[in-house]
Structures are given as C-alpha cells and as structure tokens.
Amino acid sequence: MFDDIHRWYYDTKVWTTTTWLGVPAMKSVQDMWSYQEIITELQPGLVVEFGVAAGGATLFYAGILDQLGHGRVLGVDVDLSQVHRQAADHPRVVLIEGSSTEPAVADRVVEMRAGAGPIFAVLDSDHHKSHVLAELELLTPLLEPGDYLIVEDSNISGHPVLPDWGPGPFEAITEFLAAHPGVYRQDTERETKFGWTFAPEGFLVRI
C-alpha cells in the first residue's frame with residue numbers, strides 16, 4: 001500500500017510544487033515534518049545541506065533554528081543562481097557554490113562546527129551512486145557520535161520509483177555501510193514513522 005502511495009506522490013510530481021513560505025522546497029512533506037522533529041530533539045549547532053536548488057528547505061531549516069534560538073545552515077550547490085533571496089539573505093544561512101565533494105567544503109564544515117554542537121546533515125545533490133559515496137566519504141569523518149545524516153532520494157532506482165535510473169543513493173548507502181560497519185546506526189523507527197519516505201535506508205545516526 002505504501003509503495004503505491006509513494007509512487008503516486010512521486011509520479012504526479014506534487015513534490016515539485018511543494019513550497020516553504022513561497023520558496024520551492026521539492027521535498028516530501030512527511031520528510032520535512034520528520035526533519036523538524038529530529039532537529040528539535042537534536043538541537044544542532046549546524047545544519048549541513050548538500051544540494052540547495054531554490055532554497056526552500058534551506059529556509060525551512062533556518063526557520064526552525066530561529067525558533068530554537070541558535071545554529072546556522074551551511075548550504076552547498078554547484079549553482080546558486082536559482083536560490084531565492086529569502087533563503088540566501090537569511091542571517092543563519094551560509095552558502096558555498098561548488099561541488100559538495102570538494103575538500104574546501106569539509107574545511108568549512110569543521111570551521112562552522114567548532115563549538116557549535118551537533119550536526120544535522122542532508123545529502124540532496126547529485127544522486128548518482130559515485131557522487132553520493134564521495135559525499136559520505138567526505139562527511140562521515142567530520143561527524144561525531146549522535147550526529148544525524150539523511151541520504152535523500154534513495155527511493156529512486158526502483159525503491160520504489162524511477163526503476164531505470166541506475167545505481168544511486170540507495171546503492172551508495174548499501175555499499176558504504178558494508179565497507180564501514182559500525183559507523184552508523186540506521187534509524188528505522190524514524191524512517192517508517194509516517195509510512196514511507198524519499199530516503200529509505202537513509203536515516204543514519206553516527207555512532
């Protein structure tokens with residue numbers, strides 16, 4: 001049943017018209033609700049977002065941090081020209097134009113994390129397996145126990161949508177966890193709370 005709902009939601013492209021305060025977010029609404037629950041519980045000092053697009057999710061994270069009274073958002077994208085001014089100009093938001101696998105990104109994460117508390121990170125840029133693996137290799141050593149990582153769009157390549165995509169985030173998660181046992185705990189309770197997610201197997205807690 002949930003796969004049918006998931007495919008309907010994805011294939012109708014309703015997620016492409018999802019907005020936050022008028023800015024396109026391109027997320028599933030139940031994932032966004034999960035994220036605000038996680039962020040509220042985790043109280044991160046830094047939200048790391050790989051893949052910004054128009055910036056709706058960026059603005060969403062920054063707004064939650066506003067309510068919590070602390071923290072910043074680091075957004076990374078190869079093209080920031082489409083980012084809405086509401087997101088780009090938010091005082092809690094720092095944007096970097098470039099690949100999320102560049103060493104300079106790791107340096108900035110380390111700099112912004114210093115003394116700031118936990119990290120909540122979302123990988124939502126290039127969805128090819130090789131790129132997601134490179135992001136995991138870059139970001140994982142920077143995370144500390146209890147930090148939270150979401151690998152988005154692991155629903156493609158037939159999990160259960162876009163069966164013809166080819167190896168993507170789901171396959172990257174599987175390969176990375178097999179090569180690095182004991183690095184992450186998969187938070188299946190959070191993943192399944194609302195029935196389905198755009199990030200199956202991708203709710204990860206650093207151990």
Side-chain angles (χ1 to χ4, degrees), residues 2-3 6 27-28 30-51 57 61 74 76 99-207:
F2 285 126
D3 279 358
H6 190 157
K27 306 277 187 191
S28 72
Q30 69 269 30
D31 282 344
M32 294 180 76
W33 195 276
S34 287
Y35 297 170
Q36 68 82 19
E37 289 185 350
I38 295 167
I39 291 170
T40 300
E41 293 174 16
L42 184 64
Q43 297 281 313
L46 179 62
V47 173
V48 177
E49 180 187 28
F50 288 174
Y61 304 137
L74 174 63
V76 183
S99 173
S100 52
T101 62
E102 293 176 358
V105 171
D107 293 341
R108 196 61 186 275
V109 171
V110 171
E111 174 192 333
M112 293 182 67
R113 199 260 169 77
I119 285 178
F120 176 77
V122 180
L123 308 187
D124 186 24
S125 60
D126 183 331
H127 303 319
H128 292 90
K129 175 185 171 183
S130 60
H131 186 84
V132 178
L133 275 172
E135 290 180 325
L136 287 167
E137 294 286 357
L138 177 137
L139 194 54
T140 298
L142 310 180
L143 301 182
E144 297 179 0
D147 288 347
Y148 211 109
L149 173 65
I150 304 287
V151 182
E152 286 198 341
D153 294 279
S154 49
N155 59 339
I156 65 174
S157 304
H159 308 287
V161 302
L162 295 186
D164 298 327
W165 174 269
F170 190 97
E171 291 72 25
I173 296 166
T174 300
E175 183 172 316
F176 185 87
L177 293 182
H180 303 276
V183 172
Y184 288 106
R185 172 179 64 83
Q186 291 184 288
D187 189 356
T188 55
E189 182 178 356
R190 181 76 69 178
E191 175 188 333
T192 59
K193 181 174 182 178
F194 298 117
W196 60 274
T197 173
F198 278 8
E201 305 289 319
F203 284 66
L204 306 174
V205 181
R206 187 72 161 92
I207 296 174

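Residues take their numbers from the sequence shown, with the count starting at 1. For clarity, every value in this text was computed on a predicted model and none was experimentally measured. We use all heavy atoms of the structure for the numbers below, so side chains are in, but hydrogens, waters and symmetry mates are not.
- For the residue pair Ala199 and Ile150, the shortest heavy atom distance occurs at CB-CG2, 4.0 Å.
- Rounding to the nearest 0.5 Å places CH2 of Trp165 at 4.5 Å from NE2 of His128.
- Inter-residue side-chain proximity for Val183 and Arg206 is flagged as met; some heavy-atom pair is nearer than 4.5 Å.
- Between Pro118 and Asp147, some side-chain heavy-atom pair lies under the 4.5 Å cut-off.
- Of all the heavy atoms in Ser154 and Gly202, the pair that sits closest is OG-N, 4.5 Å.
- Side-chain contact between Leu138 and Phe50: present, with at least one pair of heavy atoms (C-beta onward) separated by less than 4.5 Å.
- Inter-residue side-chain proximity for Val122 and Lys27 is flagged as met; some heavy-atom pair is nearer than 4.5 Å.
- Looking at Leu139 and Leu123, their side chains come closer than 4.5 Å, going by heavy atoms from C-beta outward.
- With contacts defined as side-chain heavy-atom distances shorter than 4.5 Å, the pair Val110/Leu142 qualifies.
- Ser157 contributes a side-chain N or O that, together with a main-chain N or O of Gly166, makes up a donor-acceptor pair within less than 3.5 Å.
- By the 30° and 60° cut-offs, the orientation of the rings of Tyr148 relative to Phe120 is tilted.
- Across Asp153 and Ile156, no two heavy atoms sit closer than the pair O-CG1, 3.1 Å.
- For the atom pair CD of Glu201 and CD of Glu191, the computed distance is 5.5 Å after rounding to the nearest 0.5 Å.
- Two residues are said to be in side-chain contact when any heavy atoms from C-beta on lie closer than 4.5 Å; Arg190 and Val205 fail this criterion.
- Rounding to the nearest 0.5 Å places OH of Tyr184 at 14.5 Å from CZ of Phe203.
- In this structure, CZ in Phe176 is found 16.0 Å from CD in Glu171, a value given to the nearest 0.5 Å.
- The NE2 atom of His180 sits 4.0 Å away from the CD atom of Glu137 when rounded to the nearest 0.5 Å.
- Looking at Gln186 and Ile173, their side chains come closer than 4.5 Å, going by heavy atoms from C-beta outward.
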Show your working on side-chain hydrogen bond (donor to acceptor under 3.5 Å, both in side chains) between His131 and Ser100 and close with a plain yes or no.
CA-CA 9 Å; His131 186 84; Ser100 52; 3.1 Å; yes

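- Closest approach of Ile39 to Pro44, counting heavy atoms only: O-CD, 3.2 Å.
- The two residues Leu136 and Ala172 make their nearest non-hydrogen contact at CD1-O, 4.2 Å.
- For the atom pair CG of Leu143 and CG of Leu204, the computed distance is 10.0 Å after rounding to the nearest 0.5 Å.
- Side-chain rings of His6 and Phe2 stay apart, their centers remaining 6.0 Å or farther from each other.
- Ile119 and Leu42 get closest at one heavy-atom pair: O-CD2, 3.5 Å.
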